[in-house]
Amino acid sequence: MNENLINYTLHLADNALILGHRNSEWCGHGPVLEQDIAITNISLDLIGQARNFYQYASAIMNKRNMSSNSSAQELDEEVSEDSLAYFRDSPDFKNILLVEQPNGDWAHTILRQFFFSAYQYLLFEQLRKGKDEQLSAIANKALKEITYHQRWSSEWVIRLGDGTEESRSRMNKALTDLWGFTGEMFIPSEDEIQMINKGIGPDVMLLKESWMEKVKEILSEAVLVIPINSYMRSGGKVGNHDIHLDEILSELQSVARAHPGAKW
Amino acid sequence: MTNDNSINKIWGILKDVQDPEIPVLSVLDLGIVRNVLIHSNGSPEIIITPTYSGCPAMDMIAVGIRVALEQNGFKNIKITTILSPAWSTDWMSQEGRQKLNNYGIAPPNPRQQACNNDLFAAAEAVQCPQCKSYHTKRLSEFGSTACKALYQCLECKEPFDYFKCH
């Protein structure tokens with residue numbers, strides 16, 4: 001039971017960390033100053049959410065390690081938010097593939113954010129009503145921030161889709177490239193199924209309809225059309241990642257691994 | 001000192017602990033101190049809550065509180081961060097709102113009349129902290145810190161920060 005809760009919490013944390021890191025790659029490179037600030041603010045929110053989830057996961061893991069077979073575990077270092085973010089390898093990460101996709105151009109980044117924020121909003125609305133107090137508190141706190149992310153990214157999808165010929169063609173390209181990564185959100189992993197049974201997390205399959213409704217609303221305002229017959233990729237939730245995640249981790253973890261335990 | 005006296009003294013000290021990003025505000029003005037406790041062994045515990053999940057000032061704020069209390073003779077200080085109930089700008093003190101305004105940052109509107117989430121919303125009526133005009137527009141939802149948005153006054157043309165209602 002605890003193992004499922006730990007994995008589920010890590011899944012939520014990894015989604016937020018990896019997308020937060022991807023967005024942070026825009027720092028200093030945004031198309032205009034205000035939007036550079038916007039995307040990095042969103043990064044900050046996501047990395048903050050990730051920290052809250054990692055702290056919770058590490059607390060459960062330390063408790064488990066203490067109670068089980070203490071002599072064998074004595075040698076193990078305490079788990080912390082940092083050890084979870086910096087010292088796990090790619091197959092240990094449980095984020096969906098969507099969030100690790102490269103930033104591409106502004107259109108790709110915007111659309112990826114919109115798909116994720118629309119999903120995260122629906123998910124956290126349910127999570128906050130769930131039976132796990134800490135997950136509920138983290139979700140409730142994050143929802144206010146996600147509301148901004150969703151509005152901001154929706155506006156940009158519309159602005160670019162219904163914009164110039166150039167922005168429109170870029171949005172269409174982004175849609176073709178990213179659509180196939182949206183299906184994974186709604187296919188529950190074993191851990192997610194266990195959380196449904198415990199009344200902690202929602203059935204992600206049931207979020208799909210509302211998500212599609214939101215996406216159709218925004219895309220139609222943006223005069224964009226959902227691709228048909230797209231093959232849906234999945235596997236991120238169980239650690240089968242693209243090479244993109246290794247690239248992210250090699251940067252994200254390099255300092256911590258070069259100087260383990262360093263303080264500043 | 002009795003517990004009540006200690007608690008009152010701590011609240012008094014916290015009045016002078018500044019927010020590192022908006023130094024005109026104290027941690028009490030912001031409404032992020034949720035409780036002050038004295039345990040049976042006499043050690044104080046301060047319960048704080050972050051404004052935003054990723055607020056980078058939280059560590060600094062915790063250090064600021066610890067240092068201020070140590071300077072006033074308190075020992076074994078515990079600072080605990082809680083997430084629930086989630087912080088709201090409705091917890092900001094009236095005094096804090098006034099200080100923000102004087103500092104050149106528009107204070108948050110009350111939640112009931114603001115927080116409009118419509119797309120491209122003709123945003124809230126935010127008053128320019130310089131010339132007091134309501135003829136202002138939102139330049140960006142995100143400003144120089146997580147808690148602020150960027151506005152411009154269409155009368156005096158000055159750009160300014162607005163502390164978002166949250």
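Note that this is a predicted model, so its numbers are computed, not measured. Proteins get letters first, then strands, A, B, ... in listed order; numbering begins at 1 in each.
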* Structure fact -> Taken to the nearest 0.5 Å, the spacing of A/Tyr148 OH from B/Glu141 CD works out to 6.5 Å

* chain B heavy atoms under 4.5 Å from A/Ile218: which part of the residue, side chain, backbone, both or neither? -> side chain

* Asked: Any side-chain donor-acceptor pair under 3.5 Å between A/Glu145 and B/Ser53?
  -> yes

* **Nearest non-hydrogen partners of A/Glu34 and B/Leu150, listed with the distance** => CG-CD2, 4.1 Å

* Asked: Got a sec: does the CD of A/Glu217 have more than 12 other heavy atoms crowding it under 6.0 Å?
  -> yes

* To do: Of all the heavy-atom pairs spanning B/Thr51 and A/Lys141, show the shortest one and how long it is.
  => O-NZ, 2.7 Å

* Kindly check if the number of other-residue, nucleotide or ligand heavy atoms within 6.0 Å of OH (B/Tyr134) is above 12? => no

* Tell me, do B/Ser84 and A/Glu133 make a side-chain contact under 4.5 Å, heavy atoms counted? -> no

* Asked: Which bit of A/Ile158 comes within less than 4.5 Å of chain B, counting heavy atoms only: side chain, backbone, both or neither?
  -> side chain

* To do: With a 4.5 angstrom heavy-atom cut-off, could you sort out which part of A/Gln134 is near chain B: side chain, backbone, both or neither?
  => side chain

* Choice from A/Leu46, A/Asn52, A/Asn140, A/Ile39 maximising heavy atom contacts with chain B below 4.5 Å -> A/Asn52

* To do: Report, as yes or no, whether the 6.0 Å neighbourhood of atom NZ on B/Lys132 holds more than 12 heavy atoms from other residues, nucleotides or ligands.
  => yes

* To do: Would you mind checking which part of A/Ile47 comes under 4.5 Å of any heavy atom in chain B, side chain (CB onward), backbone (N, CA, C, O), both or neither?
  => neither

* Asked: Got a sec: does the CZ of A/Phe87 have more than 12 other heavy atoms crowding it under 6.0 Å?
  -> yes

* Asked: If you count the non-hydrogen atoms of other residues, nucleotides and ligands that lie under 6.0 Å from CD in A/Glu209, is the total more than 12?
  -> no

* Rounded to the nearest 0.5 Å, what's the gap from CD1 on A/Ile42 to CZ on B/Phe142? Could you check? => 4.0 Å

* Structure fact -> Looking only at heavy atoms, the pair that brings A/Asn41 and B/Ala146 closest together is OD1-CA, 3.2 Å

* Structure fact -> What one should report as the nearest heavy-atom pair of A/Asp45 and B/Tyr52 is OD1-CD2, 3.8 Å

* Structure fact -> From the list B/Pro85, B/Ala149, B/Gly143, the residue making the most non-hydrogen contacts under 4.5 Å with chain A is B/Gly143

* **Atom group of B/Thr81 that falls short of 4.5 Å from chain A, counting heavy atoms** => neither

* When only heavy atoms count and the cut-off is under 4.5 Å, which of residues 10-45 of chain B reach chain A? -> none

* Structure fact -> If one checks every heavy atom of B/Pro50 against chain A at 4.5 Å, the contacting part turns out to be both

* Do B/Pro56 and A/Leu44 come within less than 4.5 Å of each other through their side chains, counting heavy atoms only? -> yes

* **CE (B/Met60) with more than 12 external heavy atoms under 6.0 Å** => no

* **Over 12 non-hydrogen atoms of neighbours within 6.0 angstrom of CZ in A/Arg170** => no

